Amino acid sequence: MMYRQSTEHRRVMLIYTGGTIGMIKNPLTGALDTFNFDHLMKHVPELAEFDYQLSSYAFNPPIDSSDMHPLLWAKLADIIAEYYDRTDGFVILHGTDTMAYTASALSFMLKNLQKPVILTGSQLPIGVLRTDGKENLINAIELAAAADSDGNPKVQEVCVCFGQQLLRGNRVTKCSAENFSAFKSYNCQPLAVTGVNIAFNDKILLRPTAGGVFTTHTQMDSSVIAITLFPGISRKVIEHVFSYKDIKGVVLRTFGSGNAPRLPWLTDAIRKATEEGKVVVNITQCQMGAVHMGLYETGNQLRLAGVVSGHDMTVECAVTKLMYLFGQGYPQEEVMRLMDIPIAGELTAEDDTNIL
Ligand code: ASP
């Protein structure tokens, strides 16, 4: 990893982790290989036109985001903490495949964030003529430098900037392996749209609690699993997973508004797990909308078995939130309480439908 600095005004730090944005075609194999940060910068000479003070920090070697890991999320949080006082905004260049997980994890790890942390990447390498990487990178830097009339950062949360939209980091999901609009935030409006002008959606931008001091909480506990229900799911598999002693939390991806088959062995397995101290969270397999367990008997039976509602959280968010809460060492009841409420803008509270 390295740190360098150039000139002038608002200070934006680029943290390069890897991903397609910094890849180049290997002429021998035809596969995409990573190349270093200097090469990346050479392909975006436009950056010299910014009146910002750009600094950089590069992973060495850069990684494909499939190789991301909670320890690397912690490393990103540590880098941000180290340069926090000397930087106005951070841009993380990251592969798209697991960007939603990293964005969610960082949104929990960075407490009382008062500066933008914006993840971006691209579908085509930056050296390719039709690349989306240049536009994404330039937009992300501009958003990371944006300030209000008092000079305070316009954005004070973890976001993803992609395909002309700034999206809340813990609300995004990679929805396309093909389109330049690779990310969607189905349950939360964009925070900003980068058209001819940058239009911010001011009323939904997060602000830290008054007087809150920026800190990092980087401990994560990976003893969690996500299960997608489907008709005909095996009793043996379900009973095995729910009784497995090393699992602390289960994200259950249910049907529609949070419904599951009415199979006594399924609710028995869940009830036993919650009685043993596990946390089972209900999120829907639908991309849009939320869980309402009281709506049908097929959902209510889960509530009675001790399942907590994940409301409209994405699977990426629910998994990393559980990892984070268990990582803080909270007991079962506290994890259940915090899964049910927003702690970083990650879910829509029942009376807060204005961001839908
Ligand atoms: N495999 C790449 C990654 O996630 C894909 C991308 O960057 O879009 O690192």
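Remember, it's 1-based here, ligands and their atoms both numbered in the order they're listed. All of these numbers come straight from a predicted model, not from anything done at the bench.
The shell of residues lying under 4.0 angstrom from ligand 1, judged by heavy atoms, excludes A182.
Between F50 and Y52, the two ring planes are parallel [angle under 30°; tilted spans 30° to 60°]. Using a 30° and 60° split on the angle between ring planes, F183 and F162 fall in the perpendicular class, above 60°.
Considering backbone and side-chain atoms together, T96 places an N or O closer than 3.5 Å to an N or O of ligand 1. Of the polar atoms of T20, at least one N or O is found under 3.5 Å from an N or O of ligand 1, judged by distance alone. At least one N or O atom of D64 sits closer than 3.5 Å to an N or O atom of ligand 1. Considering backbone and side-chain N/O of D97, one or more are found under 3.5 Å from N/O of ligand 1.
Taking the six-membered ring for Trp, F214 and Y84 have ring centres closer than 6.0 Å.
Here the CG atom belonging to L113 is positioned 10.5 Å from the CZ atom belonging to R207, to the nearest 0.5 angstrom.
Of the options Q53, H9, R11, a side-chain hydrogen bond (donor to acceptor under 3.5 Å, both in side chains) to D88 is made by R11 and by none of the others. Considering L72, L93, L76 as possible partners of T17, the one that fulfils the side-chain contact (heavy atoms from CB on, under 4.5 Å) test is L76.
Numbered from 1 in the order shown, with element, the atoms of ligand 1 that lie under 4.0 Å from a heavy atom of S122 read 8 (O). Atoms of ligand 1 lying under 4.0 Å from at least one heavy atom of G19, given by number and element, are 7 (O), 9 (O).
In terms of protein heavy-atom proximity, atom 4 (O) of ligand 1 is nearest to S65 OG, 2.6 Å.
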